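To start, the structure itself, in structure tokens.
Whatever order the structure lists ligands and atoms in, that order sets their numbers, starting from 1. Bear in mind that the values here come from a model prediction, so they are computed numbers and not experimental data.
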Amino acid sequence: MPQSNPKVIAIVSQKGGSGKTTLALHLATTAVQKAMTACVIDTDPQATAAAWGDWRGDFLPAVVTSPPARLARTIENAAREGVDLVVIDTPPHAEAAMREAVKAADIVLIPTRPRAFDLHALEGIADLVQFTGTPAHVVLNGVPARATKMVEEAKAAVADLGLDTCPVTFGERADFHRSSSKGEVASEIDANGKAAKEVKALWKWMKKALA
Ligand SMILES: Nc1ncnc2c1ncn2[C@@H]1O[C@H](COP(=O)(O)OP(=O)(O)OP(=O)(O)O)[C@@H](O)[C@H]1O
Ligand SMILES: [Mg+2]
């Protein structure tokens with residue numbers, strides 16, 4: 001396999017349970033389903049993404065664990081193996097891991113529940129990406145049904161911090177929840193379900209954003 005120059009997506013957020021691992025695994029698996037070579041680098045000591053990889057059957061993105069301090073080296077190794085896309089999953093409440101991931105990334109995705117406290121926790125990451133100049137987008141996750149006003153307010157709060165909101169949002173969906181505990185992705189639970197459609201839409205947007 002010839003050396004590649006992989007695109008690198010960092011998934012960060014200081015809040016626990018905001019959907020970092022869910023987003024990382026869905027993006028990497030979609031890439032593999034599209035015949036790309038993708039790899040998830042799990043920098044979370046809890047290794048949730050790596051455990052998901054252990055449960056999984058086919059269309060397996062490689063999931064490797066790496067301490068944040070070795071991230072650059074791990075990405076170099078992935079490039080040597082010809083990987084097209086690297087998705088970095090990070091732990092919550094971990095400044096150093098977040099900084100290393102942002103430093104390595106072409107684009108940063110920040111999954112966030114659309115609630116005031118969660119949005120408030122975006123300040124640190126907003127400062128960081130403004131400092132590094134890395135393109136960064138908040139991805140609203142776990143959006144309740146018919147919550148148009150909530151989404152509008154969240155987008156305004158994100159804009160106040162100088163960040164962009166991804167036009168694709170993820171609803172609160174059982175398919176996301178069920179898939180993560182089974183080593184699957186939403187489209188494998190229900191290929192025509194709303195969760196699968198949201199992932200598809202996010203992938204389409206992501207490809208443009210990375211081009
Ligand atoms: N849109 C969603 N709808 C329903 N459940 C979701 C959604 N997104 C994530 N979840 C569920 O919420 C839980 C937390 O998600 P996830 O593990 O992706 O968050 P995380 O940010 O990686 O958490 P941590 O900070 O602990 O690493 C998981 O059980 C996951 O299945
Ligand atoms: Mg996680």
Side-chain angles (χ1 to χ4, degrees), residues 9-30 39-56 61 63-68 71 86-102 105 108-115 117-122 124-125 128 136-148 150-151 154-155 158 165-190 193-203 205-206:
I9 305 172
I11 318 262
V12 304
S13 83
Q14 284 167 309
K15 276 267 177 177
S18 61
K20 295 177 287 299
T21 302
T22 302
L23 191 55
L25 296 174
H26 278 82
L27 284 175
T29 305
T30 307
C39 146
V40 176
I41 303 181
D42 186 357
T43 62
D44 188 343
Q46 288 191 81
T48 316
W52 174 92
D54 294 341
W55 296 326
R56 199 170 162 74
V63 187
V64 297
T65 55
S66 167
L71 189 55
V86 169
V87 185
I88 307 168
D89 187 19
T90 58
H93 319 294
E95 280 291 328
M98 188 167 89
R99 253 196 331 268
E100 291 302 320
V102 168
V108 177
L109 297 184
I110 311 160
T112 307
R113 307 261 173 184
R115 296 174 303 218
F117 285 142
D118 297 70
L119 294 161
H120 186 70
L122 293 175
I125 179 72
L128 177 62
H137 302 265
V138 170
V139 180
L140 297 176
N141 182 36
V143 177
R146 292 178 290 280
T148 323
M150 191 187 227
V151 168
K155 284 186 178 170
V158 168
T165 305
C166 171
V168 181
T169 63
F170 281 6
E172 177 67 39
R173 312 222 179 269
D175 286 357
F176 284 122
H177 189 67
R178 284 174 55 213
S179 62
S180 51
S181 57
K182 295 170 71 181
E184 291 183 333
V185 287
S187 63
E188 291 159 334
I189 305 255
D190 180 357
K194 287 181 176 166
K197 286 193 176 129
E198 287 167 344
V199 172
K200 228 180 185 170
L202 183 73
W203 177 254
W205 173 83
M206 188 79 245

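Put simply, the side chain of R56 reaches to within 4.5 Å of the side chain of P61, judged on heavy atoms. Looking at P92 and D44, their side chains come closer than 4.5 Å, going by heavy atoms from C-beta outward. You'll find the side chain of T29 stays beyond 4.5 Å of the side chain of E184, heavy atoms only. The side-chain heavy atoms of V143 and E172, taken from C-beta on, include no pair separated by under 4.5 Å.
W205 and H137 have perpendicular rings, their planes meeting at more than 60° on a 0 to 90° scale where under 30° would count as parallel.
The backbone N or O of V185 lies less than 3.5 Å from a partner atom in the side chain of E188, making a donor-acceptor pair. Judged purely by atom type and a 3.5 angstrom limit, T22 has no side-chain atom pairing as donor or acceptor with the backbone of S180. D42 places a side-chain N or O within donor-acceptor distance of the main-chain N or O of A50, the cut-off being under 3.5 Å. A distance-only check finds no donor-acceptor pair linking the side chain of Q14 to the backbone of A94 [under 3.5 Å].
Within 4.0 Å of ligand 1, protein heavy atoms belong to K15, G16, G17, S18, G19, K20, T21, T22, D44, P92, R113, N141, G142, G171, E172, R173, F176, H177, S180, listed by chain and number.
Among protein atoms, those of element N, O or S found less than 2.8 Å away from the Mg ion (ligand 2) are T21 OG1.
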